Amino acid sequence: MTKKEERDAKLPPKSNFSEWYHELLRSAEIVDVRYPVKGMSVWYPFGFALRSHVYQIIKELLDVDHYETQFPLLIPETEFMKEAEHIKGFEDEVYWVTHGGRDPLDIKLALRPTSETAIYPMLKLWIRSHADLPLRIYQIVNTFRYETKHTRPLIRLREITSFKEAHTAHATWEEAAMQVEIAIQRYIEFYRRLAIPCLVSKRPSWDKFPGADYSIALDVIMPDGRTLQVGTAHLLGTNFAKTYEITYEDEHGEQRYVNQTCYGISERCIAALIAVHGDDKGLVLPWRVAPVQVVIVPIIFGEREPIIEVCRSIASTLAGRNIRVRLDDGDERPGAKFYKWEMRGVPVRIEIGPRDIKNGVVTIVRRDGVRKTLPMDERLVDAILIEAEELQTVLYNRAKEFMDSKIKLVSSLDEARSQVQSGVARVPWCGSVECGHALEDQIGANLLGEPRGDELPPMRCLVCGRESTGSTYMARQY
Ligand SMILES: Nc1ncnc2c1ncn2[C@@H]1O[C@H](COS(=O)(=O)NC(=O)[C@@H](N)CS)[C@@H](O)[C@H]1O
């Protein structure tokens, strides 16, 4: 593209994050937000391919010891309205089906906002004895939440199209608690494979999942310093088991309530992938999930055919090794092609011109800007796979550096207030509810909760002054 065309191209700089994000969803053909229902958008094929590769990772991590299944979308009011805490948490968000055709339904049906009240009446039928435990199932479905806060594509939706919800049942509370830890480790690994580092914290009691004993959450720090909750795992204890009478016969013939967990992610993982790695030229996609992993751009000088021939043979060699390769032999100028495929985050571009052919090499350009000349022979594919691994390391390290730079341990409310304007404050906190609410009010940010796994030396709670090793992340949230 000419410099002028590039200037006219609509992608704003990433520093203008909200505009950059929304324009990139369109220009990289991820989702189309023009669907005429608020909070619902359409997957473009390119975006849907990205989603499929990303969700393949979470499926691989769960299929080790979970079974995938699918429950109905519609939940009878009688079941939905059983668990008081859960109702309180969701009754303002649930969509209802009230008619079949012209007939009013005698029992109205909820569109699942999440599926505890669809699944657990069935678990009562499925679970009889300790031999049926542990039970670990998950489904990847659409769920519906009548979000009244500002909706945002992939981030805050009314139809969550890619809701992966796992539900497990165990003989004891301890086993369920262990399952929550396993779930969090699986999520950390899932995001690591996307080259995304996360904060992990235990949500405060007033922000746990309705009906849970406690919730652990993963948060990503977005480019504007706000955090995005990208996954949660909840220990449900026997709360739902008592409501839905899910019992099992233990070894001594006693009837006992099961202890449960549930944990979920949504297409927010795609939002995080776009936001964390993207740059001023568009998407930057890790090799594993890129719909197009290698694009070959012929650089035509003089005769066209011989160059195209070589490009075709390299494309088929790569495809033969299951690499997702695209030969862009269209008649745009190379610069326009570079721009188009960089926008789509293609990890590796191969440029082949007459000089490369003469020298028996290809030029590769990684999406992080590194250029290399590689031999055009049987070593080429393995050399490219090494580049892909190097890119993965570069992306993770860059994201980790950014995240760490955005977190600051503060020692005063003023310092916390200024830190949350552009990042995450780590705040000494005694852990009490009243001090927690006071922190949220006085800092003007959300209390994300107790960081997991890295204790602080004793410090003074910023509200009551009591000495404590407790602390919490504070941040503005999406
Ligand atoms: N409106 C929404 N749009 C997009 N993603 C959402 C929305 N609401 C929640 N999520 C994502 O879905 C994850 C799980 O939702 S949740 O309410 O925390 N937990 C549950 O529903 C539990 N049943 C575990 S599946 C959240 O961590 C968040 O990442």
Side-chain angles (χ1 to χ4, degrees), residues 31 33 37-41 51 54-55 58 62 66 69 71 75 80 83 85-90 92-95 110-120 123 136-169 176 179-180 183-184 186-188 190-191 194 196 198-203 207-220 222 227-236 239-240 260-275 446 448-449 477-478:
V31 288
V33 298
V37 176
K38 179 178 159 70
M40 302 184 188
S41 43
R51 170 202 182 274
V54 170
Y55 275 70
I58 192 65
L62 292 179
H66 292 60
T69 177
F71 283 76
I75 303 169
F80 188 83
E83 213 287 330
E85 273 291 293
H86 193 72
I87 295 163
K88 232 175 35 236
F90 282 102
D92 297 341
E93 291 191 16
V94 68
Y95 283 90
L111 274 73
R112 60 187 168 216
T114 171
S115 299
E116 284 73 12
T117 58
I119 296 173
Y120 298 174
L123 294 192
R136 301 186 188 96
I137 56 175
Y138 74 91
Q139 62 178 8
I140 301 175
V141 292
N142 58 347
T143 56
F144 294 83
R145 298 187 183 190
Y146 185 63
E147 294 279 355
T148 45
K149 275 173 74 174
H150 186 63
T151 56
R152 209 184 294 268
L154 298 179
I155 288 176
R156 184 169 293 279
L157 301 161
R158 287 187 167 178
E159 177 183 9
I160 307 170
T161 67
S162 314
F163 193 71
K164 185 290 303 166
E165 51 177 323
H167 297 266
T168 71
Q179 186 66 47
V180 166
I184 292 299
R186 298 275 171 90
Y187 281 172
I188 291 169
F190 168 64
Y191 281 105
L194 298 177
I196 298 174
C198 296
L199 298 179
V200 181
S201 43
K202 181 171 188 177
R203 285 290 188 259
D207 189 28
K208 64 184 189 305
F209 180 70
D213 284 355
Y214 63 79
S215 296
I216 311 285
L218 278 76
D219 293 297
V220 164
M222 299 285 267
T227 59
L228 177 66
Q229 179 181 285
V230 291
T232 28
H234 314 287
L235 187 91
L236 305 179
N239 305 338
F240 284 88
Q260 293 175 271
T261 82
C262 60
Y263 33 98
I265 60 162
S266 75
E267 46 260 61
R268 287 186 178 179
C269 61
I270 309 285
L273 189 64
I274 292 168
N446 295 96
L448 301 187
Q477 285 180 299
Y478 270 94

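For the numbers below, each heavy atom of this structure counts, side chains included, while hydrogens, waters and symmetry mates do not. Since the model is a prediction, treat every value here as computed from it, not as a measurement. Atoms within each ligand, like the ligands themselves, are counted from 1 in listed order.
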- prompt: Passes salt bridge (Lys or Arg N to Asp or Glu O under 4.0 Å), Asp219 versus Arg268? Steps please.
  reply: CA-CA 11 Å; Asp219 293 297; Arg268 287 186 178 179; over 6 Å; no

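- Judged purely by atom type and a 3.5 angstrom limit, Gln179 has no side-chain atom pairing as donor or acceptor with the backbone of Thr168.
- Protein residues having a heavy atom under 4.0 Å from any atom of ligand 1 are Thr114, Glu116, Arg145, Glu147, Ile155, Arg156, Leu157, Ile160, Phe163, Glu165, Phe209, Gln229, Val230, Gly231, Thr232, His234, Cys262, Tyr263, Gly264, Ser266, Arg268, listed by chain and number.
- Each of Tyr263, Tyr120, Tyr138 was compared with His167 under the side chain to side chain donor-acceptor pair (under 3.5 Å) criterion, and only Tyr120 meets it.
- Within the 3.5 Å criterion, the main-chain N or O of Phe71 finds a donor-acceptor partner in the side chain of Gln139.
- For the pair Lys164 and Tyr55, the cation-pi test (distance below 6.0 Å, angle within 45°) is failed.
- Although no hydrogens or angles enter the test, the distance criterion places no donor-acceptor pair under 3.5 Å between the side chain of Glu159 and the main chain of Met40.
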